[in-house]
Structure formats: structure tokens, C-alpha cells
Amino acid sequence: MMDNMQYEQVYFSGRVQGVGFRQAVLQAAREFEVAGFVQNLSDGRVLLEVEGKAAEIDGLVSAVEERMHGYVRQTERGEPEQREAVYAGFEIR
């Protein structure tokens with residue numbers, strides 16, 4: 001991976017907890033050159049923190065929306081940032 005890359009926070013809402021959502025995100029993340037994590041939030045949403053090339057992040061978010069389309073009601077994407085890589089690999093938290 002590059003030293004400087006795009007970082008983004010993505011929030012998924014809907015029926016996204018207790019349905020294998022985080023595992024589906026992990027599987028999808030393995031298909032893209034990204035790093036970061038996915039975790040459940042106490043408000044019922046799921047947070048995806050991800051870094052990589054913009055096209056790789058876009059591909060991951062699209063893949064998650066496609067695979068979990070019956071569960072995701074809304075996807076909120078934060079403003080992308082450029083920064084040095086801080087994650088190694090992708091994990092469920």
C-alpha cells in the first residue's frame with residue numbers, strides 16, 4: 001500500500017446488526033486493497049473505518065450495499081481525508 005492514502009468513515013443503518021453484516025463486510029474487504037475495521041455501534045448502526053485508494057473504497061462500499069441490500073436502509077459516507085496509513089489488514093471489532 002502507499003504511504004498516503006484516502007481514509008473514510010462509513011456508517012450503515014437499517015437492519016445491520018445480528019444478521020452477519022460485519023462478516024459480510026470482512027469478506028468483501030478481502031476482495032479490495034483496503035485496510036481498517038468494521039464494528040457495531042450502540043445506536044444500532046455499523047461503522048466502517050477504511051483506508052486505501054479511492055476506487056478501492058468505493059468498490060468496497062458498493063459491494064457491501066449490493067450484498068446486504070435487503071438490510072441497509074442508509075449509507076452515510078464521511079468526508080474523505082488524505083493521510084498516512086495507520087491500519088495493517090482488516091478486522092472485525
Exercise for the section: Can you establish whether the number of heavy atoms outside Glu76 located under 6.0 Å from its atom CD is more than 12? Expected result: yes

Problem - With sequence neighbours excluded, residues passing ring-ring contact (aromatic ring centres under 6.0 Å, His included) with Phe90 - result: none

Exercise for the section: State which residues pass ring-ring contact (aromatic ring centres under 6.0 Å, His included) with Phe21; sequence neighbours excluded, sorted by chain then number. Expected result: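 Phe21 satisfies ring-ring contact (aromatic ring centres under 6.0 Å, His included) with Phe12 only.
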
Ignoring hydrogens, what is the shortest heavy-atom contact between [X] and [Y]? Give both atom names and the distance.
X     : Y     : value
Gln6  : Glu8  : NE2-OE1, 3.4 Å
Ala29 : Leu60 : N-CD1, 3.6 Å
Ala63 : Phe32 : CB-CE1, 4.0 Å

Contact between [X] and [Y] at the side-chain level, heavy atoms closer than 4.5 Å - yes or no?
X     : Y     : answer
Asn40 : Arg45 : no
Val16 : Val72 : yes
Val10 : Leu47 : no
Tyr11 : Gln9  : yes

Problem - Pair Glu31 + Arg67: basic N to acidic O under 4.0 Å - result: yes

Side-chain donor or acceptor of [X] paired with backbone N/O of [Y] under 3.5 Å:
X     : Y     : answer
Glu56 : Glu33 : yes
Glu65 : Thr75 : no
Gln17 : Leu41 : yes
Arg22 : Arg93 : yes
Glu51 : Val86 : yes

Exercise for the section: Report the C-alpha distance between Val38 and Val50 in whole Å, list the side-chain angles of each, state the deciding distance to 0.1 Å, and finish with yes or no for side chain to side chain contact (heavy atoms under 4.5 Å, CB included). Expected result: CA-CA 8 Å; Val38 61; Val50 62; over 6 Å; no

Handout entry: Check: Glu49/Tyr7 side-chain N/O donor and acceptor closer than 3.5 Å
Key =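 Yes, Tyr7 and Glu49 have a side-chain donor paired with an acceptor closer than 3.5 Å.
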
Exercise for the section: Take Asp58 and Arg77 through the test salt bridge (charged side-chain N to carboxylate O under 4.0 Å, His left out) and record every step on the way to the result. Expected result: CA-CA 10 Å; Asp58 290 344; Arg77 295 181 70 168; 2.7 Å; yes

